[in-house]
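Written out below as structure tokens is the structure these notes cover.
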Amino acid sequence: MSTTLISGGTVVSANGTLDADVLVAGEKIAAVLAREVTETGEAAPAADRVIDATGKYVLPGGIDVHTHMEMPFGGTFSVDTFETGTRAAAWGGTTTIVDFAVQAKGTSLLATLDKWHSKADGNCAIDYGFHMIVSDVNDQTLKEMDACIGAGVNSFKMFMAYPGVFYATDGEILLAMQQAARSGATVMMHAENGIAIDQLVAQALAAGHTDPVYHGLTRPPELEGEATSRAITLAKVAACPLYIVHLSARQALEAVAQARDTGQNVFAETCPQYLYLSLDDLARPDFEGSKFVASPPLRPKDHQASLWSGLRTNDLSVVSTDHCPFCFKDGKELGRGDFSKIPNGMPGVEHRMDLLHQGVVAGELTLPRWVEVASTTPARMFGLYPRKGVIAAGSDADIVIYDPAARQTLSAASHHMNVDYSAYEGMEITGRVATTLSRGRTVIDNGEYLGAAGHGAFLPRGLNQYLL
Ligand code: URP
Ligand code: ZN
Ligand code: ZN
């Protein structure tokens with residue numbers, strides 16, 4: 001079994017920092033050796049290879065629990081495949097994704113799961129798991145939820161938005177939540193009031209408002225707040241764990257915080273785009289705003305401070321990307337002249353760790369909190385801990401060596417996602433991934449990709465480890 005010693009770095013965990021060397025044997029972490037001890041006479045362990053991490057952070061690999069590779073949506077497909085998307089993730093220090101299998105209406109959950117395995121298996125550069133999108137609630141679907149749990153998929157996303165596509169009624173949501181609750185599985189909610197939004201969209205189009213900014217103006221934050229409160233109430237009645245995905249609005253955060261204060265099993269994530277981008281980006285001229293169309297929409301800037309604060313108080317526990325890239329050319333352009341036809345989704349899987357580190361640089365997050373929201377909590381929330389999300393003996397050797405002093409400029413010209421624009425074009429970042437290991441294998445090293453499609457393995461997941 002080959003061994004690697006990562007020496008001289010600062011191990012950052014959710015609990016703090018430690019000057020320590022990390023010994024990797026095969027696919028696992030064999031030991032974390034605090035340097036105080038090794039420097040007082042004990043010889044450093046011999047290893048086949050030594051990586052010098054002096055001046056760098058040594059982190060558990062990032063875990064992005066919300067991605068959409070090759071997702072059928074809006075009459076097209078998101079443009080990153082499992083191969084290109086997981087490669088881009090590794091460039092940015094993410095070593096696990098949890099992607100969404102999408103049940104089409106009239107199809108079974110198990111057939112859907114098989115279909116998603118056939119897209120991902122043998123193609124991923126890093127490890128991966130699945131959530132299941134439930135868009136057709138019926139007796140068979142409800143029964144099959146248990147079979148999904150048996151197959152390692154125990155989180156089910158439902159939509160209060162997109163009537164006629166993914167939308168579920170309150171009654172259907174309640175039934176699915178009751179079913180999930182019997183096994184302790186989590187329902188993930190896209191919480192926007194789609195019925196009301198559709199009326200606002202029709203009114204805007206009838207008034208001749210076709211520009212991308214109307215995507216934001218017809219999905220007001222109040223309708224995210226209302227849907228979030230309704231989801232929380234339904235989850236309470238069903239006694240079901242609830243995880244609000246891609247939370248963007250202060251009103252929704254207030255509802256989550258209130259529920260958590262009462263001890264309900266309610267959790268929420270936000271995404272970098274809601275921390276850094278705003279309605280002003282959706283209003284960029286010459287259809288440029290279409291690059292920023294995602295749902296929920298980017299909000300007015302003043303929501304951002306609330307989201308950073310929610311990350312500090314743990315009312316927001318996770319940062320994921322909702323990576324769902326569509327090219328500008330032939331993708332976003334489908335909505336020229338009608339904002340409601342712009343495919344919803346933004347690219348981001350490559351930049352989550354860097355953008356959150358920028359939050360550390362700006363004093364919004366501590367170093368340990370960075371690791372917690374980007375790796376440790378996602379692992380616990382989605383049943384992967386302690387295999388993932390921590391640098392500890394026995395855990396998978398998913399390790400990122402991060403240079404906090406490096407500088408980079410984000411750009412479509414240099415990113416590795418399969419998409420023709422960057423939502424962060426020109427943004428200057430302090431910090432950069434130097435090396436990414438996935439189960440002991442070097443995938444990225446000093447600007448070189450050394451991974452391989454098919455190295456990534458499917459991860460059957462356990463239950464949410466935060467349930468009260
Ligand atoms: O606009 C978005 N968020 N696209 C991806 C699908 C979803 O709702 O997460
Ligand atoms: Zn969604
Ligand atoms: Zn999504």
Side-chain angles (χ1 to χ4, degrees), residues 14-15 63 65-66 98 131 134 145 149 154-158 160 168 170-193 221-222 224-271 274 296 303 305-320 365-366 368-369 371-386 389-390 461-468:
N15 301 324
I63 301 178
V65 294
H66 190 152
V98 187
H131 313 285
V134 175
M145 285 172 69
I149 294 166
N154 48 39
S155 36
F156 300 91
K157 182 177 176 189
M158 303 194 76
M160 299 169 119
D170 287 357
E172 289 166 340
I173 290 169
L174 185 74
L175 287 177
M177 283 180 164
Q178 288 171 331
Q179 184 66 31
R182 290 185 191 108
S183 327
T186 295
V187 166
M188 308 168 80
M189 191 57 73
H190 182 131
E192 288 186 289
N193 185 329
E222 289 77 8
E224 186 184 344
E226 181 277 330
T228 303
S229 299
R230 189 156 34 98
I232 288 169
T233 302
L234 292 169
K236 186 170 189 180
V237 170
C240 178
L242 176 68
Y243 180 92
I244 303 290
V245 291
H246 46 43
L247 187 150
S248 70
R250 184 191 316 113
Q251 291 84 341
L253 178 58
E254 282 164 5
V256 167
Q258 207 174 35
R260 288 174 60 77
D261 285 349
T262 69
Q264 196 179 335
N265 281 317
V266 172
F267 312 92
E269 64 174 20
T270 190
C271 311
Y274 302 119
H303 288 253
S306 305
L307 299 182
W308 283 113
S309 168
L311 283 172
R312 290 188 289 272
T313 60
N314 203 37
D315 290 316
L316 293 169
S317 316
V318 169
V319 177
S320 68
L365 298 179
T366 63
R369 187 64 181 155
V371 167
E372 191 165 35
V373 299
S375 177
T376 310
T377 298
R380 288 194 161 126
M381 191 76 71
F382 292 100
L384 292 168
Y385 187 91
V390 62
R461 298 179 293 104
L463 293 178
N464 184 331
Q465 295 163 3
Y466 287 108
L467 299 185
L468 297 170

| query | Is there a donor-acceptor pair closer than 3.5 Å between any side-chain N or O of Thr270 and the backbone N or O of Ser248? | reply | no
| said: To check you understand the geometry: which heavy-atom pair defines the closest contact between Pro368 and Ala14, and what is its length? | reply: CB-O, 3.5 Å
| field | Considering all heavy atoms, the nearest Ala176-Met145 contact | value | O-CE, 3.5 Å
| Out of curiosity, Asp261 CG to Asp315 CG, how far, rounded to the nearest 0.5 Å? | 6.5 Å
| request: First locate atom CE of Met381, then atom CG of Leu463, and finally report the distance between them rounded to the nearest 0.5 Å. | output: 13.0 Å
| Are any non-hydrogen side-chain atoms of Val98 and Arg461 less than 4.5 angstrom apart? | yes
| Can any side-chain N or O of Ser375 pair as donor or acceptor with the backbone N or O of Glu372 at less than 3.5 Å? | no
| query | Quick one: does Leu316's side chain get under 4.5 Å of Trp308's, heavy atoms only? | reply | no
| Can you tell me how far OG1 of Thr376 sits from CG of Asn15, rounded to the nearest 0.5 angstrom? | 8.0 Å
| To the nearest 0.5 Å, how far apart are OH in Tyr243 and OG in Ser320? | 5.0 Å
| task | Using a cut-off of 6.0 Å, state whether more than 12 heavy atoms not belonging to Gln258 lie near its atom CD. | result | no
| field | Gln264 side-chain N/O to Ile232 backbone N/O, donor-acceptor pair under 3.5 Å | value | yes
| What heavy-atom pair brings Met177 and Leu234 nearest, and what distance separates the two atoms? | SD-C, 3.6 Å
| field | Spacing of CD belonging to Glu222 relative to CZ belonging to Arg250, to within rounding of 0.5 Å | value | 9.0 Å
| request: Over 60° means perpendicular and under 30° means parallel, so classify the ring planes of His131 and Phe382, tilted if in between. | output: perpendicular
| request: Please answer whether the main-chain N or O of Asn314 pairs with a side-chain N or O of Arg260 as donor and acceptor at a distance below 3.5 Å. | output: yes
| request: For Asn193 and Met160, indicate whether the former's side chain and the latter's backbone hold a donor-acceptor pair under 3.5 Å. | output: no
| said: How close do Ala238 and Ala181 get, counting heavy atoms only, and between which atoms? | reply: O-CB, 3.4 Å
| For Ala227 and Ala191, which heavy atoms make the closest approach, and how far apart are they? | CB-C, 3.4 Å
| Does Thr233 reach the main-chain N or O of Ser229 with its side chain, forming a donor-acceptor pair under 3.5 Å? | yes
| Are the side chain of Glu269 and the backbone N or O of His246 linked by a donor-acceptor pair below 3.5 Å? | yes
| remark: Residues Ala231 and Ile244: closest non-hydrogen pair is CB-CD1, 4.4 Å
| task | Look at the aromatic rings of Phe267 and Tyr466 and report parallel, tilted or perpendicular, splitting at 30° and 60°. | result | tilted
| query | Is a donor on one side and an acceptor on the other found under 3.5 Å between the side chain of Tyr274 and the backbone of His303? | reply | no
| query | Do Arg369 side-chain atoms and Leu311 backbone N/O form a donor-acceptor pair below 3.5 Å? | reply | yes
| message | Let's go through Glu172 and Val134 carefully: what are the C-alpha distance in whole Å and the side-chain angles of both, what is the deciding distance for side-chain contact (heavy atoms from CB on, under 4.5 Å) to 0.1 Å, and is it a yes or a no? | response | CA-CA 10 Å; Glu172 289 166 340; Val134 175; over 6 Å; no
| query | Is it true that Arg230 and Glu226 have a side-chain N and a carboxylate O under 4.0 angstrom from each other? | reply | yes
| said: Determine whether a donor-acceptor pair (N or O, by modelled atom type, separation under 3.5 Å) exists between the side chain of Asn154 and the backbone of Ala185. | reply: no
| said: side-chain contact (heavy atoms from CB on, under 4.5 Å), that's the test. Do His66 and Cys271 meet it? Break it down for me. | reply: CA-CA 9 Å; His66 190 152; Cys271 311; 5.5 Å; no
| field | Any Leu253 side-chain heavy atom under 4.5 Å of Thr228 side chain | value | no
| task | Taking the side chain as every heavy atom from C-beta outward, state whether Gln178 and Val237 have any pair of such atoms under 4.5 Å apart. | result | no
| message | So, taking the atom named CD in Glu224 and the one named CG in Leu247, what distance separates them when rounded to the nearest 0.5 Å? | response | 5.0 Å
